[in-house]
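Here the structure is laid out as structure tokens; the discussion comes afterwards.
The figures here come from the full heavy-atom set of this structure, side chains too, leaving out hydrogens, waters and symmetry mates. Chain letters run A, B, ... following the sequence lines, proteins first, then strands; residues in each count from 1.
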Amino acid sequence: MVMVVETSALLTSYLVAMFLPPALGMIAGRLSSGRVSYLLCSFSCIVGMMCYPVWNAVPGFTMTFPLGSALGDYAVDVDMLTSIFVSISSLVFLMIVVHMSHSGHGYRPAMASMSCALFVSCMLCMMADTVVLVLVAWEVVSLVTFLMGDDGGEGGHRWRFLVITHVGGMMLICAFTYMWLVSGSQYLHDWTGLGERMGATASIAVILCLFIGFGTKLGTLPFHVWMPDMYSGSPTHTSALLTTVCSNVAVLVLFKTVFSCVGTTHDMVVPGVALCILSAATALWGAMESMIQREPRRILAYSSMENMALVTMCLSLGLVFSDASEGLMALVLLAGLLHALNHSVFKSLMMLVVDSVEDVTGEGSIDRYGGIACSMPALSAVALVGIASLAAVPPMNGFVSEWLMLQSLLGTDVLASDMRVLMPLLVAMVGVCGMVVATSYARLYGFTFLGRPRSPGASEPRAQRRGSLVPLVVLAASCVCMGLFATPLMDRMSAGVTEAAGIHQGYTAALSGTMDPLVLGLMIAGTVAVLVAASKVVSYGKAVDDTWGCGGTLDERMQYSSEGFSQPIVRVFHPFYGDTSRREGDRYSTGFTEPFVKYIYAPAGRLVMVLSERITRIQTGNIQSYLSYILVTLVVALLAVRLL
Amino acid sequence: MIPTVIGILQAVALVLVAPLVSGIVSKTKARMQGRGGASVLQPYRDIRKLLGKDSTVSGSTSWLFRAVPFVCMGSMIVLAMMTPFIYTGTLAPFGDLVAVVYLFTLYRFSMVLGGLEGGSAFGGMGSSREMMMSVLIEPALLLAISTLAILSGAGTDMGDISESLSGMGLLAVGPALILAGASFTITLLAENARIPFDNPSTHLELTMVHEAMLLEYSGRGLAMMELSSMVRLTVFMAMLGSMFFPWGVATTAEPVDILVSVAVTSAKMLLMTVTLAAVESVLCKTRLFKTPNLLTASFMLSLMAMMSLYIL
Amino acid sequence: MNTALTSLICAMAASCVLCIALRNRRCIGTLMPVCSIVLMVLALNLCVPVLGGEVIDDGPFYMDPLSAVFMVLVAVVGCMASVYSRAYMGLENREGVVNHRELGQYYSLLIVFVSVMMLTFAARSMAIVWLGVGATTLVSTFLVGFYSREESTEAAWKYIILCSVGITIALAGYTLVYASTVGVIEHGALDWPVLMAHAQELDPTMMRMAMVLVIVGFGTKVGFVPMHTWLPDAHSQAPSPVSGLLSAVLLNCAMYGILRFHAVSEITVPGFSSTILMAFGLVSLAVAAFFIASSRDLKRMLAYSSIENMGLIALGFGIGTPVAVTGAVLQMVAHSVTKPVLFFSAGNIIQSYGTRDMSAIRGVGRVMPGTSWLLAAGTLAIVGAPPFAVFVGELTILSGMLGGGLVWLAAVTVVLLCVVFAGFARNVFPMLSGDPPSDVPIDGSFCRIAPIAVLMALSLSIGLFMPEQAMEWIGNAVGTFTGVVG
Amino acid sequence: MENAIIGNMIDLCAVMMLLTTVLAVAMTHMKPLIRLFSAQSLFLAVLALIVAYSSGTSHIYIMCGLTLVLKVFVMPRMLWYIMDRINVGREVGLSLGIPGTLLASGLMMVLSYYITEPLLATMHTVERNCLALSVSILLIGLLMMCTRKNAITETIGLLMMENGLFLGAVALSHGMPLIVEIAAFFDVMVAVIIIGIFAHRINRSFNSVDTSFLRRLRE
């Protein structure tokens with residue numbers, strides 16, 4: 001009894017420590033120009049990072065809040081997987097907030113209080129145990145990111161984001177409401193295996209709604225169009241939070257609802273394959289698009305789209321495998337969730353790097369950077385870690401999750417033969433995507449940090465604020481650590497996955513290869529270290545000279561341009577990209593318009609407007625016609641009553 | 001203990017034999033062109049010479065430029081440890097075929113970044129073309145090796161695949177293996193910047209890919225870059241010889257087996273080297289934008305290999 | 001007689017008389033809001049026990065939880081509108097748009113308007129309800145046509161003609177209902193409790209026709225498409241406090257008239273009037289969604305949004321399951337609380353910018369940050385984004401649809417709600433950002449913001465935290481409705 | 001016998017009301033239109049008197065008196081007064097020609113009979129006719145409002161609708177409760193006054209009471 005009291009007291013104080021400071025921070029936005037809010041938010045982030053240990057220490061991490069809403073209670077229920085997600089997301093959040101408070105943009109009170117709000121809503125959404133909390137928290141995440149996207153401009157990108165995520169939100173509302181009705185309980189923990197009660201058709205519909213609903217936030221085709229504009233139009237920290245923490249929320253809740261609530265009692269192969277193809281197409285699209293963007297944040301936006309598509313691909317493969325092999329299902333789900341976590345770490349690192357670069361140079365296009373590695377070696381080093389993780393180069397963390405993904409794809413001989421055909425295609429897709437994004441990241445890094453400075457801003461970068469490198473270093477270290485010590489992390493997550501999805505086998509059952517990321521990483525590092533050490537032993541002369549310029553002198557305009565860099569791939573894949581040449585006056589350049597905007601969104605918008613104009617004509621302004629509407633309605637209604 | 005020693009020895013052997021392979025290719029090519037050619041040991045001499053020289057670096061480069069050769073060399077050495085060459089018991093329980101493919105990515109990635117360092121048009125051009133080709137090479141490579149993994153049914157460990165395939169005997173020879181082998185051969189040429197994809201012996205800006213990225217390196221850096229690319233060629237050959245056609249490779253650490261394996265592997269390597277030289281002499285370098293045709297063919301071959309495995 | 005009721009009615013009479021008598025004094029600007037606050041307090045005093053389940057059946061008065069919900073809304077929104085009027089009209093007066101005499105007229109009309117609406121909900125006889133609805137039209141016509149501009153005269157004209165026709169048609173419905181009670185009910189044939197008690201015995205054929213007339217008639221006043229045509233004109237031309245009041249509570253008045261008969265007719269002819277309500281609801285929702293998307297005039301857009309919300313409410317009542325009806329009541333409460341936020345903040349903006357054309361308004365966030373935040377929050381609230389009140393209503397109505405097996409209806413509704421969202425987002429958000437014109441006066445007086453903020457806070461708290469008690473009240477209101485229907 | 005006579009007389013009055021309505025639709029000038037409205041109201045009053053006499057319901061007498069005073073005398077005077085004040089043209093302002101409107105009115109009548117047919121099973125002949133006539137007057141009144149542009153004409157249309165409604169009320173159920181009737185009268189009175197005020201305003205603004213000028217608010 002005493003134990004129970006203590007447990008609940010611990011939980012209460014933990015949750016209070018997690019949510020009260022940011023709640024105060026929301027209000028205290030203007031105090032000391034936001035510093036107070038930042039501090040409070042950082043404190044809670046640290047508390048949030050301890051979620052996993054607390055979960056370990058406390059059996060049954062559940063709590064119902066004393067306040068209820070019209071639709072039911074607010075309650076949280078943290079399982080193992082959730083606690084891991086909360087911990088890592090909190091870490092990422094903390095780093096972004098710390099960087100935000102140190103960034104050159106100075107303290108922005110509104111941003112401070114809104115990041116508090118975002119923290120609260122993201123964490124609540126991950127931990128939520130009741131329908132209303134999930135939905136409210138989820139939509140508040142959208143709203144807050146929408147507000148944080150304000151960069152003082154016209155804000156077209158923001159409302160596009162808001163509308164698209166609202167469409168997704170509506171789908172989620174429908175799905176959750178339906179499940180609520182079927183289950184008769186507002187508590188998500190009562191929903192386990194709800195699919196059995198819902199029937200096959202309803203389950204499939206709900207799963208599709210969930211995937212597409214969360215997919216709007218993750219950039220699933222064709223709902224990705226807000227991403228590049230939002231990421232490039234908003235303050236970088238907003239984009240960073242959006243692509244990391246918010247995506248984590250989406251992935252986790254999607255996973256929990258699909259695999260824990262709906263479950264896979266019915267045959268999910270067909271919807272799984274459909275979603276898988278959609279995700280694969282999204283991944284390819286994102287990879288290809290990121291190749292030809294010029295703004296670093298757009299590159300990262302499309303890369304987020306690609307990464308998140310890989311995650312949703314894994315989750316949908318989880319559906320496909322659900323019948324055939326539990327081990328494989330555990331493996332592929334683990335791959336997806338781990339990739340989401342890894343992505344949040346390296347993508348936040350890259351976003352912060354981009355912010356720092358933009359900050360010190362005052363430029364916003366990779367064609368105007370260059371040579372920053374010389375002037376800021378430390379920044380370039382952490383950036384390299386981030387880029388390497390993004391490109392899934394061993395021994396970084398990105399590699400581990402891609403390795404798991406490929407492992408799961410290679411173990412697919414358990415499937416029925418007609419589904420097996422899909423797998424080579426997916427392997428090929430992962431390979432192509434991986435290389436295209438690697439090209440894209442090489443381009444991003446190369447043109448940002450290497451070569452000669454291409455603009456005055458890049459040649460004389462401003463000094464960075466003191467301390468702003470710290471979060472970058474921490475994140476870079478996390479990238480390396482999560483890569484090296486992936487096995488323990490995988491084991492814990494796998495326990496969480498199997499627990500949540502009701503799988504009886506661990507991922508190791510399906511793992512056909514032997515690989516130890518730690519040893520591999522150490523081998524690489526060791527070999528390189530030995531080589532370096534060996535070269536130090538025998539010293540030799542070094543001279544510094546100009547780059548060979550075929551006899552002339554080179555200036556910065558003679559470097560390869562970023563457009564030129566991607567040109568060969570654009571030419572090879574020209575049917576995909578279409579005509580990219582643009583002519584402005586007597587200058588030619590390359591440009592790209594989103595075909596989804598051109599062929600889907602714009603016509604849909606026009607259709608609505610045309611319909612609106614047609615309908616608007618009934619408002620003629622003439623009272624006689626208004627009266628005749630009443631007359632006609634009355635007569636028609638009376639006649640209908642008479643006839644029916 | 002003994003297997004580990006043999007594993008280390010075969011990795012060392014692989015690295016050491018790499019210049020020789022290059023030398024033999026050059027010599028054979030020269031003979032085919034009716035020239036005497038340099039000695040087969042010339043690459044060793046080149047590397048020794050380069051290692052002893054001072055290096056000159058461009059003023060516009062950063063620390064990364066100097067780090068790249070080490071990373072390239074390091075990744076190739078690690079790769080050498082993972083490749084079954086003479087003996088299937090590699091040092092690679094820490095890595096598998098996926099890791100191999102991604103190690104190639106690491107190598108290429110760092111080389112490309114090194115190429116972008118100099119700030120001249122050449123480096124960028126080389127990097128750009130390299131990436132263009134790799135977009136098609138890499139998936140083909142992944143698929144080809146994956147086909148082997150599935151064909152052998154021995155998981156994704158390179159040594160196990162090799163061992164299992166050699167144990168299967170002629171049963172393993174089927175459409176999947178042939179198609180995957182063909183694909184891998186094309187990949188080998190493309191990956192190692194051989195004709196018809198690239199000309200390793202030219203410095204003409206319109207034709208070169210790989211060399212353009214190395215243009216700014218000198219001295220010790222260049223030595224490591226050259227050596228690592230030689231190792232890469234040898235690793236590919238070793239993979240082709242010991243994984244796609246693994247018969248004769250030692251599956252146990254018995255001295256007899258090892259000796260037999262050394263002999264067989266040497267013969268295989270020699271055959272492949274001469275064939276490579278012959279191919280390079282017969283074919284000519286294609287236009288850059290023609291290369292995707294062949295690369296796509298390789299990609300399709302490997303895809304078909306994997307498909308045939310699933311369907312048949 | 002119930003003391004709370006008596007005191008409320010006395011207070012109403014007193015404040016009306018007082019305001020009319022003192023209309024030319026300067027103090028009217030303070031007096032009227034004070035009166036409305038007193039009325040609100042008394043109304044709450046009356047309604048809280050009623051919401052708790054106590055039914056007042058007292059001579060000509062009858063109040064059950066359903067009417068109490070309506071009355072509370074009138075009281076609260078009316079009070080806020082009066083307080084806001086003080087700021088709004090004060091500014092109009094200072095700028096010379098209205099003179100003192102008109103100001104006095106405005107306030108006295110406003111208090112009469114609010115009182116009449118309150119009285120309507122306390123009536124026992126449906127005839128009084130009809131009279132109340134008619135009287136609100138008459139009073140509010142002057143408020144709609146308050147600015148003697150050509151457009152406001154036009155709006156007022158359309159308003160009174162169309163609504164008079166509407167209530168005449170409704171009265172025809174009454175005649176039929178009454179005719180069907182001949183021989184069934186001896187006394188008090190149009191009293192709602194009596195009608196409910198005898199609903200089983202009424203003539204179904206007569207009732208069907210009567211319901212058509214009542215729904216079309218009162219529907220004109222509610223703003224069902226295609227009888228809604230007066231609504232955007234009136235809402236856009238009235239002074240903003242009045243627009244808020246019209247949209248938030250006047251439409252409810254007419255809805256109340258329909259609902260009472262709906263409850264009766266659902267017993268007499270089950271499923272008949274609910275079908276009509278659903279049809280009108282869906283059509284209103286659909287058409288209004290497209291109107292919103294293409295609106296250029298800020299207040300007209302808000303007016304169309306009222307039509308859309310009324311459509312949704314009608315859908316909820318039409319579905320008729322307890323969940324759906326709860327949703328409809330919640331939606332009505334939410335709409336009444338949220339819509340004035342929008343109209344009032346629109347009022348601030350329009351006063352400052354001097355235009356209602358949304359494409360001409362830019363940079364509100366810079367010039368009037370308070371209003372801008374409230375408008376943004378109100379916009380999100382009205383389109384049903386959590387955590388605001390409308391979200392709760394919409395979600396409950398949706399779950400009513402899904403629970404009632406009306407999946408296609410739910411799908412169509414969701415699509416239309418998305419169109420509404422997109423329309424609002426497209427129109428409102430550009431106004432808030434950007435560069436404001438140079439000549440916009442920066443005016444942030446307390447009274448201009450405070451009532452809006454109060455309503456917004458109310459909307460937020462309904463959305464986020466609903467005390468058990470309040471939920472029980474809503475449940476009681478629904479119970480008086482579905483208790484007999486289901 | 002007596003019942004039959006009374007029934008006939010009620011029928012007659014109702015038909016006369018319809019006739020005046022149809023005639024009103026056919027009018028092109030204001031003066032006869034207002035007279036026709038008076039006549040219609042007069043028939044309503046007579047009908048109410050007969051019903052009151054035959055059924056012995058006392059409050060219908062009150063209604064009869066109110067109709068007589070308000071609708072036969074006061075309202076027409078008021079309309080005259082308004083017309084004088086605002087000095088409108090004497091035309092009713094057609095937006096649909098007389099023949100067209102008449103045809104439409106005929107259609108409305110047919111419709112009314114058709115619509116009310118299911119209700120008739122339980123009724124006497126007199127009531128049957130009155131119900132159908134009441135609905136048709138209602139609809140024709142509305143039709144008149146739809147097709148006439150003059151503000152005053154619209155008002156008359158509204159009043160005629162109201163008359164039709166009272167016809168129904170009196171004939172079907174021997175009147176509504178007194179309070180309803182008084183309320184309705186009151187409402188109509190005030191409505192007409194307010195409409196008058198606004199007609200005046202319209203005239204001031206547009207120098208005409210032709211409502212087709214009121215087309216500024218549209219979208």
#### Entry: Interface moiety of Leu531(A) toward chain B, non-hydrogen atoms closer than 4.5 Å
both
### Query
Can you list the steps and then say if Leu103(B) with Ile524(A) is a side-chain contact (heavy atoms from CB on, under 4.5 Å)?
CA-CA 9 Å; Leu103(B) 273 175; Ile524(A) 297 173; 3.6 Å; yes
### Query
Among Gly124(B), Gly52(B), Ser55(B), Ala149(B), which has the most heavy-atom pairs under 4.5 Å with chain A?
Ser55(B)
### Query
With only heavy atoms counted, which part of Glu216(B) is less than 4.5 Å from chain A, the side chain, the backbone, both or neither?
side chain
### Query
With only heavy atoms counted, which part of Ala381(A) is less than 4.5 Å from chain B, the side chain, the backbone, both or neither?
both
### Query
Distance-only, no hydrogens or angles: does the Ser62(B) side chain make a donor-acceptor pair with backbone N or O of Cys374(A) under 3.5 Å?
no
### Task
Mind listing the closest non-hydrogen atom pair of Val427(A) and Ser146(B) along with its distance?
CG1-OG, 4.5 Å
### Task
Please name the residue in the list Arg108(B), Met131(B), Glu130(B) that meets the side-chain contact (heavy atoms from CB on, under 4.5 Å) test with Thr439(A).
Met131(B)
### Query
Of all heavy-atom pairs between Ala99(B) and Leu520(A), which one has the smallest distance, and what is that distance?
CB-CD2, 4.1 Å
### Query
Any donor-acceptor pair under 3.5 Å linking the side chain of Arg571(A) with the backbone of Phe289(B)?
no
### Query
Between Ala428(A) and Phe299(B), which heavy-atom pair has the shortest distance, and what is it?
CB-CZ, 3.6 Å
### Message
I need the residue from Gly431(A), Ala373(A), Pro394(A), Pro377(A) with the largest number of non-hydrogen atom pairs under 4.5 Å to chain B.
### Response
Pro394(A)
### Segment of Tyr102(B) engaging chain A (4.5 angstrom heavy-atom cut-off)
both
### Query
To the nearest 0.5 Å, how far apart are CE in Met423(A) and CE in Met306(B)?
9.5 Å
### Task
Report, by ascending residue number, the residues of residues 224-231 of chain B in heavy-atom contact with chain A at a distance under 4.5 Å; give 'none' if the set is empty.
none
### Task
Answer with side chain, backbone, both or neither: which region of Asp545(A) has an atom nearer than 4.5 Å to a non-hydrogen atom of chain B?
both
#### Entry: Interchain contact, Ser120(B) with chain A, by part (heavy-atom threshold 4.5 Å)
both
### Message
For a side-chain contact (heavy atoms from CB on, under 4.5 Å) check, start with the C-alpha distance between Thr61(B) and Leu450(A), then their side-chain angles and the critical distance, and finish with the verdict.
### Response
CA-CA 7 Å; Thr61(B) 57; Leu450(A) 310 179; over 6 Å; no
Enumerate, atom names and distances included, each donor-acceptor pair closer than 3.5 Å involving a side-chain atom of residues 64-82 of chain B, sequence neighbours excluded.
| residue | atom | partner | partner atom | Å |
| --- | --- | --- | --- | --- |
| Ser75(B) | OG | Val71(B) | O | 3.1 |
| Ser75(B) | OG | Cys72(B) | O | 2.9 |

### Query
Can Ile387(A) and Phe109(B) be said to form a side-chain contact (heavy atoms from CB on, under 4.5 Å), step by step?
CA-CA 10 Å; Ile387(A) 282 285; Phe109(B) 199 72; 3.2 Å; yes
### Query
For Leu384(A), is it the side chain, the backbone, both, or neither that has a heavy atom closer than 4.5 Å to a heavy atom of chain B?
side chain
### Message
Heavy-atom pairs under 4.5 Å with chain A: which of Glu117(B), Met132(B), Arg220(B) has the most?
### Response
Arg220(B)
## Note on the structure
chain B shares the most heavy-atom pairs under 4.5 Å, among Gly564(A), Gly371(A), Ser380(A), Ala391(A), with Ser380(A)
### Query
Taking every heavy-atom pair that is under 4.5 Å apart, which of Gly526(A), Ser375(A), Gly451(A), Ser566(A) has the most such pairs with chain B?
Gly451(A)
### Task
Please state whether the side chain, the backbone, both or neither of Val112(B) comes within less than 4.5 Å of a heavy atom of chain A.
side chain
### Summary
Ser440(A) meets the side chain to side chain donor-acceptor pair (under 3.5 Å) criterion, sequence neighbours left out, with Ser290(A)
### Message
If I take atom CG from residue Leu106(B) and atom CZ from residue Phe399(A), how far apart are they, to the nearest 0.5 angstrom?
### Response
10.0 Å
### Query
Taking non-hydrogen atoms and a cut-off under 4.5 angstrom, which of residues 133-144 of chain B neighbour chain A?
Ser134(B), Val135(B), Leu136(B), Glu138(B), Pro139(B), Leu142(B), Leu143(B)
### Taking every non-hydrogen atom, the tightest pair across Phe565(A) and Ser128(B)
O-OG, 2.7 Å
### Query
What heavy-atom pair brings Leu113(B) and Gly446(A) nearest, and what distance separates the two atoms?
CD2-N, 4.1 Å
#### Entry: Part of Phe573(A) lying under 4.5 Å from any heavy atom of chain B
side chain
## Note on the structure
Distance col, row Asp96(B):CG vs Asp516(A):CG, nearest 0.5 angstrom, shows 11.5 Å
#### Entry: Proximal component of Ala121(B), with respect to chain A [non-hydrogen, under 4.5 Å]
both
### Task
Quick one: which of Arg454(A), Glu402(A), Met291(A), Arg443(A) has the most heavy-atom pairs under 4.5 Å with chain B, could you say?
Glu402(A)
